[in-house]
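Worksheet: one structure, shown below.
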Amino acid sequence: MNLTSSKKNIKAYLLFPLLTLVLVACTNKKDILYNTSQVFRYNEHSNITSLDPAFSRVQANIWAVNQLFNGLVQLDDSLNIQPDIAKSWTISENALQYTFTLRNDVYFHKHQLFNPPLQTRTVTASDFEYSFNRLLDEKVASPGRWVLNYVDNYQAVNDTIFTVLLKQPFPAFLGLLSTKYCSVIPKEAIAFFGNDFRAHPIGTGPFQFKRWEENVKLVLRRNPLYFEKDTQGNQLPYLEAIAVTFLPDKQSEFLQFTQGNIDFLNALDASYKDELLTTSGKLQSKYQDAIQMISAPYLNTEYLGIYLDNDIPENQSLKLRKAINYGFDRQKMITYLRNNIGTPAEKGFIPNGLPGFGTSNGYSYQPEKAKQLITEFKKETGIASPTITISTDANYLDLCEYIQRELQKIGISTTIDLLTSPTLRQSKSTGKLAIFRASWIADYPDAENYLSLFYSKNFTPEGPNYTHFKNNLFDQWYEQAVKTTNTEERIALYQKMDSLIIEEAPVVPLYYDQSIRFIQKNIKGLTGNGINFLTLKKVKKID
C-alpha cells in the first residue's frame, strides 16, 4: 500500500469512534442509542472479503461471519460438539443417517424483506435444505462445498426435522457441520441481494449487520431476538455492538491497542513481540497492569511444503528432503523468533491437542546426519551444490531467513522468494512454488483434516494436497480410516499415516502453534480455543 493510502486508512481509523456515534445517532428514529462503553473494538489487518458464510474460508471472514450466523451444531472452547439451531440429533446404527431436531424459537435478523409487522420469521428445516443446496451450487462457486462431499442427500421432513444421509460412515461429520460454511441463510435475502449478499448479510447470530465500509470499518449491532441464554437465563449477547477497523499495518494496530483504542489484539507479530513479551513468553512487566494475555493450544501446524509433481532433483530426493528436516534447530527457532510461543514440531504433522499426536518419531536437530545425507545426494545426482528456493510472505520472513542461514551452514544453498500473501496462496494452490511456507489450521477437530493434505485424490486445485504427495499405502489407510467408526482403530490408522508422512518427508514441520490473545483489563468472558475462533456472544466490558 502506498503512503497516501496508509494515511487515509489511519485517518479513517482515528475518526472511527466518532463515526460509530454518528452511525448510531443517524439511524431510524425508532432505534435506541446504545451504551458506547459496551462496544467491542478490534482491528482486522488482513481485511474482510465477504460476510457470506459460503465464502468463510479465511480467518478474517470466519470471525465476522461467526457473529452473524448459526448452524446446526457448534463447538465449545474444548472443541466438543454442542447444539446450536439443532437442539438434538440421532445417528442411525449404521452411522449413515443423521436426524436433527431443530429449535422453534430461532429468528432471522429483522429486515424489510420479511413480512410486516414482525419483519422476521422463524428458521425451519427447509432453510437448511436451501442453504445446503446453495453451498453445492456450482454457480455460487463456494470454496466450502467440499464439506458436503460425504453427503448423499438431505431433506426437510417437516419444519423441525432435518435429515442427512451419508454415502459412507464419516465419524468427523458433525465437526464438518460446525464450520461456518454450513450456516443457515434465508432464501429471501439471496433472491433480493444475489451476489451482493456478501455485503448485506442476514443471519440468526448474536449480532446483526449495521454497516460495512470496505477497508475502513464494519459495525455490527446486538440482535435483540437472539435465542441463546447464559446459565443464569440472561439473554445473550451482553455487548451492544462490535466495531471492526482495517488498519493494514500491524505496528499501528499495536499502538492503537496500547493506547486503549481497540480492545483485542490477536497473535504475536515480529514487529512488537519483544516489546510485549519476554524471551520466555511472559508479558513484559510494564504492561501487566493494563493488559491480559490468554493462551491456549492451537490446532495449527506451521510447515514448509515441498512440491513433488516436478522434475527438480532436490524436491525428488528423499535424502535431501530429510536433510532439510534435520538441518535446523526448531527449539532455538521458537525461543528466539517466537518468544517461546508454540512447540517445536518434532512429533509428526498432526498437531498437539488431537488424538493421534505424539506417536510419530519426527525430526530433531541433527546437523551431522543432515550433512551425511547431503553427501549421499551429491554422489547419487552429481549435483555439487544443492540449491533450494523457499517462498514465503512478510509475516514469516524471519523464520525462513533463519532456516536459510542454518541450511547454508550444512551445504544447502537457499534462496528466499518473498511474495505477497495473496500471491503465495494462489501460487501454492497452482503448483508454481518448489518449496513454500504454509500452515494448516483445523477446519474441524479431527486428525483426518490434517491427513487429507496428503490424500492423492485431494491434489490442488481440487483439494488441499498442495505438495501433490501420492502414496498407495497412505491412500489405502486414509480410505479405511474415514469409514471406521471404532475410535481406537481409526486413531491407530491416523498414527500410521502420520509416521509414513514423516518417513517420506513431503513437508518440513516447523512448529505446533499456540493461540495467544491480548485484551484490555476490562474485557471479561473472552476465552481461547484450539481453532482460534473469535466468539463474542459471552463477552462483557466492565467499567
Side-chain angles (χ1 to χ4, degrees), residues 70-76 78-106 123-133 135-136 144-184 299 350 353-357 359 442-452 455 457-458 463 474-498 530-531:
N70 295 86
L72 290 165
V73 297
Q74 60 184 323
L75 298 175
D76 63 17
S78 299
L79 305 184
N80 298 310
I81 303 293
Q82 300 292 344
D84 200 1
I85 294 178
K87 62 182 179 181
S88 63
W89 56 87
T90 59
I91 305 172
S92 63
E93 194 171 323
N94 63 3
L96 291 178
Q97 181 166 308
Y98 290 67
T99 302
F100 298 91
T101 302
L102 309 188
R103 300 176 64 118
N104 60 6
D105 60 348
V106 180
V123 173
T124 66
S126 62
D127 292 310
F128 277 100
E129 188 173 304
Y130 173 82
S131 300
F132 281 23
N133 285 340
L135 191 62
L136 292 174
R145 67 196 311 267
W146 61 270
V147 302
L148 300 180
N149 280 352
Y150 290 98
V151 173
D152 184 43
N153 62 69
Y154 44 83
Q155 65 172 331
V157 177
N158 54 41
D159 282 354
T160 58
I161 302 297
F162 182 66
T163 62
V164 180
L165 183 66
L166 302 188
K167 299 172 185 175
Q168 64 182 52
F170 185 65
F173 181 63
L174 287 173
L176 277 176
L177 291 182
S178 73
T179 65
K180 301 316 296 182
Y181 291 127
C182 296
S183 301
V184 70
L299 298 184
I350 299 172
L354 285 180
F357 166 77
T359 57
D443 295 300
Y444 48 93
D446 193 286
E448 179 274 335
N449 191 214
Y450 286 82
L451 298 167
S452 68
Y455 183 48
K457 292 183 181 179
N458 283 341
F474 182 94
D475 286 352
Q476 178 185 326
W477 287 339
Y478 180 85
E479 290 169 0
Q480 183 179 347
V482 298
K483 297 177 182 178
T484 300
T485 56
N486 182 287
T487 301
E488 290 183 3
E489 292 177 9
R490 191 170 71 255
I491 292 173
L493 287 166
Y494 289 165
Q495 292 168 343
K496 289 164 68 173
M497 285 185 276
D498 198 35
I531 54 175

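- What you find for Arg145 and Leu135 is that their closest heavy atoms are CB-O, 3.2 Å.
- You'll find the side chain of Glu448 reaches within 4.5 Å of the side chain of Tyr478, heavy atoms only.
- Val184 places none of its side-chain heavy atoms less than 4.5 Å from the side chain of Tyr130.
- Contact record, Thr485 with Pro171: CA-CG, 4.2 Å, taken as the closest heavy-atom pair.
- To the nearest 0.5 Å, the span separating OG on Ser452 from CH2 on Trp146 amounts to 7.0 Å.
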- Message: Apply side chain to side chain contact (heavy atoms under 4.5 Å, CB included) to residues Val106 and Arg103 and explain how you reach the verdict.
- Response: CA-CA 7 Å; Val106 180; Arg103 300 176 64 118; 3.9 Å; yes
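- In this structure, the side chain of Gln82 does not engage the main chain of Leu75 through any donor-acceptor pair within 3.5 Å.
- Here the closest non-hydrogen pair linking Asn149 and Lys167 is O-NZ, 3.1 Å.
- The nearest pair of heavy atoms linking Thr163 to Gln97 is CG2-NE2, 4.3 Å.
- In this structure, Thr99 and Trp89 have side chains that are not in contact, with every pair of non-hydrogen atoms separated by 4.5 Å or more.
- Using a 4.5 Å heavy-atom threshold, the side chains of Leu354 and Leu299 count as touching.
- Note: Asn80 CG to Leu174 CG = 12.0 Å, rounded to the nearest 0.5 Å.
- A donor-acceptor distance shorter than 3.5 angstrom exists from the side chain of Tyr450 to the backbone of Ala442, with no hydrogens or angles considered.
- Judged by distance alone, with hydrogens and angles left aside, the side-chain atoms of Asp84 form a donor-acceptor pair with the main-chain N or O of Gly71 at under 3.5 Å.
- Atom-to-atom distance recorded for Gln155:CD and Ser126:OG is 12.0 Å, nearest 0.5 angstrom.
- For the atom pair CG (Asn104) and OG1 (Thr160), the distance works out to 7.5 Å, reported to the nearest 0.5 Å.
- Not one N or O on the side chain of Asp127 forms a donor-acceptor pair closer than 3.5 Å with the backbone of Val123.
- Asn94 and Ser92 share a side-chain donor-acceptor pair at under 3.5 Å.
- Between Leu79 and Pro445, the closest heavy-atom pair is O-CG, 3.7 Å.
- Using a 4.5 Å cut-off on side-chain heavy atoms (C-beta onward), Leu102 and Lys87 make no contact.
- Within the 3.5 Å criterion, the main-chain N or O of Asn133 finds a donor-acceptor partner in the side chain of Tyr154.
- Here the CD-OG1 distance, from Glu489 to Thr484, works out to 6.0 Å after rounding to the nearest 0.5 Å.
- Put simply, the side chain of Val164 reaches to within 4.5 Å of the side chain of Phe162, judged on heavy atoms.
- Counting heavy atoms from C-beta on, the side chains of Val151 and Phe173 come closer than 4.5 Å.
- For the atom pair SG of Cys182 and CG of Leu72, the computed distance is 7.5 Å after rounding to the nearest 0.5 Å.
- Asn449 places a side-chain N or O within donor-acceptor distance of the main-chain N or O of Asp443, the cut-off being under 3.5 Å.
- Residues Asp446 and Tyr494 have side chains that bring a donor and an acceptor to within less than 3.5 angstrom of each other.
- Remark: the backbone N or O of Thr124 is not paired with any side-chain donor or acceptor of Asp159 at under 3.5 angstrom.
- Aromatic ring pairs are classed by plane angle as parallel below 30°, tilted from 30° to 60° and perpendicular above 60°; the pair Phe170 and Tyr444 is perpendicular.
- Side chains of Lys457 and Glu479 form a contact here, defined as non-hydrogen atoms less than 4.5 Å apart.
- Taking the six-membered ring for Trp and thresholds of 30 and 60 degrees, Phe100 and Tyr98 have nearly parallel ring planes, at less than 30 degrees apart.
- Here the closest heavy-atom approach between residue Met497 and residue Ala481 is recorded as CE-CB, 3.9 Å.
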